[in-house]
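Handing you this structure, nothing more for now.
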Amino acid sequence: MTSSESDERPVDAAAATQQHDDTYDDRGMGSASTSTDAMDDGHGKEAVENPSHYGHDMEAQDHVDVERVESHTHRSVLSRLSRTTSAPRTPVAPTVLPLTDLDKGIVGWESQDDPAMPLNWAQSRKWSVTIMLACITFMTPFASSILAPAIQFLAEDYNVSSLTKASMPVSIFLLGYAVGPLFLSPLCEIYGRHIVLTSASAYFCVWLVGCALAPSIDMLIFFRFMCGVGGSACQTIGGAVIADVFPVHQRGRAMTIWMMGPMVGPTVGPVIGGFAAQTIGWRWGSWITFIPATIVVVVMAIFNSETNHQVLIKRKTLKLRKELGRPELRSCYVNPDAPVITNRRILLNGLVRPIKMLFTSVIIFAVSLYIAFVYGCLYLLFNTIPMVFQGAYGWSIGVTSLVYFSLLIGYAISLSIFSVLSDKTVVRMTAANNGVYQPEFRLRDCIWFALILPVTFFWYGWSAAEKTHWIVPTLGIIPFGLGSIGVWMPIQAYIVDAYPQFAASGLAAFSVLRCTVAAFLPLAGPAMYEELGVAWGSSLLGFIAVAMIPIPTVIFKYGKTLRERYPLDL
């Protein structure tokens, strides 16, 4: 099923099942590839274009005022739209749910306002889920980089002479990030998001204890890898949870809060880790992570609940079969004519499909390569900032770790801009496009941030090489924090919206390439800086960043054409 086909799916419970044969084994797999996406991008659009097709389903939502705005609407109207943050009048079509029809043996939602449906949860409940998700998504990237400034102490403790091997505990964590999504994503479809997310996060906490007590460098490397595997769950499943509980036009702010973890966490980690290594010892970095992470996991296990639409209806179906004595009842998300998909097949698809998407979709490969480079440079900075500031300015490791706050300043600026503009931009551009939403609208603001990103490499590299006042290279890192958030978040949201039926695999592919590059690029950093120097080594990265600037622009302009002309065939 292509994305264009998904836009034409019927919404009534009987017909809604017919589109499921190609998508069921992927739509619940740990990303925003959920029934939410399908209904937002498919059912909602059709509901607007063919309101008579839905009868009482649309009448049940007559309190939602959907406004169609022509593309030639006067600029003042668009200006008013862009100034509206959460207006009830929105050009994004409402979600229409497939309902229960026991006469036809179909189990779905009880009504369009069914409180069991995560999209209908109270805002307080939605945001509590988002905040808990954001907390654990902060802790795992925090753990990934907390050892970065302690490499020297670690090498001394384990008597390791190779700088590359001493850096492996930092890099290997990210390799675990790359492996985890391949099987955690399909497990979400089989067992649900809540149990997989909670179990994997608990698994992450257990291995932190091993990291704190590791008797050798080899054991530490292994324990850190296992930490990465468990810690990848929150990033793998987080997008799905956000899509489960928020409609398309409200996801921008929730995505902003959730995605603060993967960017802010790795930046705060070295600050804490640097002072811990210098005072109480580098092993305390793992304990500092373990204590709050365990608290968050316990809170999640108690207060969070399942959000996967398909899993919820599946459980409801099993319950009704038993209560009513009707074994023929089926979920509205299951196509009775399609072959039964076994758990083994679901897991196999989770392993194979992301790799196929990565190398068969030009769009996914291009944006994944771009973000992989950005993420790799982030961890390269983590490993090389101590080398630059301790070597050029003679700072202690604790004081050097304060430089990482420059990234946080950039993140704060970028997150503020993205939080304000993301949903507004989608609403405004959808209105100008006759009320038809296109995923490429997510990339509109990304284009400007792509221009900012390369600035850091030239500013920071040359000012540090010339040993100018320390404030100059420190400020030079801010544009990287600003640009990296500004390109990462819109691109991830774009994958969610552009490939709703395959978004799980798309984000898994996105994660695999990103984390693999981030695992190995920092290992090359010391050798590159030693060979080329800080100035030209940073400039080399800057030239690559400049070469990648056109990627968001090209996909913004031609992404829709590419998706329609070359649909995914998986």
Side-chain angles (χ1 to χ4, degrees), residues 140-141 143-145 147-149 151 163-164 167-181 224-225 228 231-232 235 259 261-267 269-270 358 364-388 404 407 410-411 449-450 452-458 460-461 477 479-489 491-492 507-532 534 536-549 551-552:
T140 64
S144 72
S145 64
L147 290 184
I151 291 175
L163 183 60
T164 299
S167 302
M168 280 296 292
V170 177
S171 296
I172 201 68
F173 192 104
L174 298 175
L175 195 59
Y177 264 9
V179 172
R224 291 275 295 176
F225 173 79
S232 68
Q235 295 193 51
M259 285 303 296
M263 299 304 290
V264 177
T267 307
L358 185 61
I364 291 179
F365 180 80
V367 297
S368 297
L369 182 64
Y370 189 21
I371 298 302
F373 170 74
V374 174
Y375 202 56
C377 288
L378 175 65
Y379 277 84
L380 181 61
L381 281 174
F382 291 155
N383 282 6
T384 56
I385 282 176
M387 179 182 70
V388 170
Y404 295 104
L407 288 169
Y411 295 160
F449 287 104
I452 298 173
L453 190 65
V455 173
T456 279
F457 299 108
F458 302 104
Y460 163 73
I477 299 173
F480 184 86
L482 180 63
S484 57
I485 286 281
V487 298
W488 185 350
M489 297 190 70
I491 285 175
Q492 180 155 287
L507 284 185
F510 180 75
S511 178
V512 166
L513 185 59
R514 182 186 82 236
C515 294
T516 301
V517 171
F520 294 106
L521 182 59
L523 297 178
M528 180 184 71
Y529 277 101
E530 184 177 347
E531 183 69 23
L532 300 177
V534 174
W536 284 108
S538 296
S539 296
L540 176 61
L541 299 175
F543 292 134
I544 296 174
V546 170
M548 291 186 171
I549 286 176
I551 290 178

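Computation of the quantities below employed the complete heavy-atom set of this structure, encompassing side-chain atoms and omitting hydrogens, waters and symmetry-equivalent molecules.
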Side chain to side chain contact (heavy atoms under 4.5 Å, CB included) between F457 and I544, intermediate numbers included: CA-CA 10 Å; F457 299 108; I544 296 174; over 6 Å; no
Distance (rounded to the nearest 0.5 Å) between F449 CZ and W488 CH2: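 One finds 15.0 Å between CZ of F449 and CH2 of W488.
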F520 side chain near L174 side chain, heavy-atom distance below 4.5 Å: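 Heavy-atom side-chain distance check fails, nothing below 4.5 Å.
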Spacing of C515 atom SG and F510 atom CZ [to the nearest 0.5 Å]: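 C515 SG to F510 CZ: 9.0 Å, rounded to 0.5 Å.
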Minimal non-hydrogen separation, G180 against S232, with atom names: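 Residues G180 and S232, closest heavy atoms: CA-OG, 3.4 Å.
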Near-ring test F543/F458, centroid separation under 6.0 angstrom: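 F458 vs F543: aromatic centres under 6.0 Å.
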Polar contact flag, side-chain donor to acceptor under 3.5 angstrom, Y411-T267: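 On atom types as modelled, these side chains qualify, holding a pair under 3.5 Å.
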Minimum side-chain heavy-atom gap F480-V374 below 4.5 Å: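 They are in side-chain contact.
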Closest contact, heavy atoms only, G376 versus L521: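 Closest pair (atom of G376, atom of L521, distance): C-CD2, 3.5 Å.
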Check: I371 main-chain N/O paired with R514 side-chain donor or acceptor under 3.5 Å: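 No, because the side chain of R514 does not come within donor-acceptor range (under 3.5 Å) of the backbone of I371.
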CG on L381 to OG on S538, rounded to 0.5 Å: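 That separation rounds to 7.5 Å.
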Note, Y404 side chain near I385 side chain (heavy atom, < 4.5 Å):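 When only atoms from C-beta onward are counted, I385 and Y404 do touch, with a gap below 4.5 Å.
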Within-4.5 Å side-chain heavy-atom neighbours: L380 and L541: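 Yes. Closest side-chain heavy atoms under 4.5 Å.
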Closest non-hydrogen atom pair, R224 against F173: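 That closest heavy-atom pairing would be O-CD1, 3.5 Å.
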Heavy-atom pair with the smallest gap, counting every atom of A372 and V517: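 Where A372 meets V517 most closely, the heavy atoms are O-CG1, 3.4 Å.
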Closest contact, heavy atoms only, L358 versus F365: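 Here L358 and F365 meet closest at O-CB, 3.1 Å.
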Whether S144 side chain and P141 backbone form a donor-acceptor pair below 3.5 Å: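 Flag set: sc S144 to bb P141 pair under 3.5 Å.
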S171 side chain vs M168 backbone, donor-acceptor pair below 3.5 Å: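 Judged by distance alone, no pair lies under 3.5 Å.
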Side-chain touch W536/L540, heavy atoms, less than 4.5 angstrom: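 No, too far: nothing below the 4.5 Å cut-off.
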Check: Y375/S484 side-chain N/O donor and acceptor closer than 3.5 Å: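 Side chains of Y375 and S484: no pair found under 3.5 Å.
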Step-by-step side chain to side chain contact (heavy atoms under 4.5 Å, CB included) determination, T456 to L482: CA-CA 10 Å; T456 279; L482 180 63; over 6 Å; no
Rounded distance [0.5 Å steps], CG in L147 versus OG in S167: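 If we round to the nearest 0.5 Å, L147:CG and S167:OG are 11.0 Å apart.
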Interatomic spacing from CZ in F373 to CE in M548 - rounded to 0.5 Å: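 The distance works out to 6.0 Å.
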Heavy-atom pair with the smallest gap, counting every atom of G542 and P454: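 Answer, listing the atom of G542 first, then P454: O-CB, 4.0 Å.
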I364 side, atom CD1; I491 side, atom CD1 - distance, nearest 0.5 Å: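 If we round to the nearest 0.5 Å, I364:CD1 and I491:CD1 are 12.0 Å apart.
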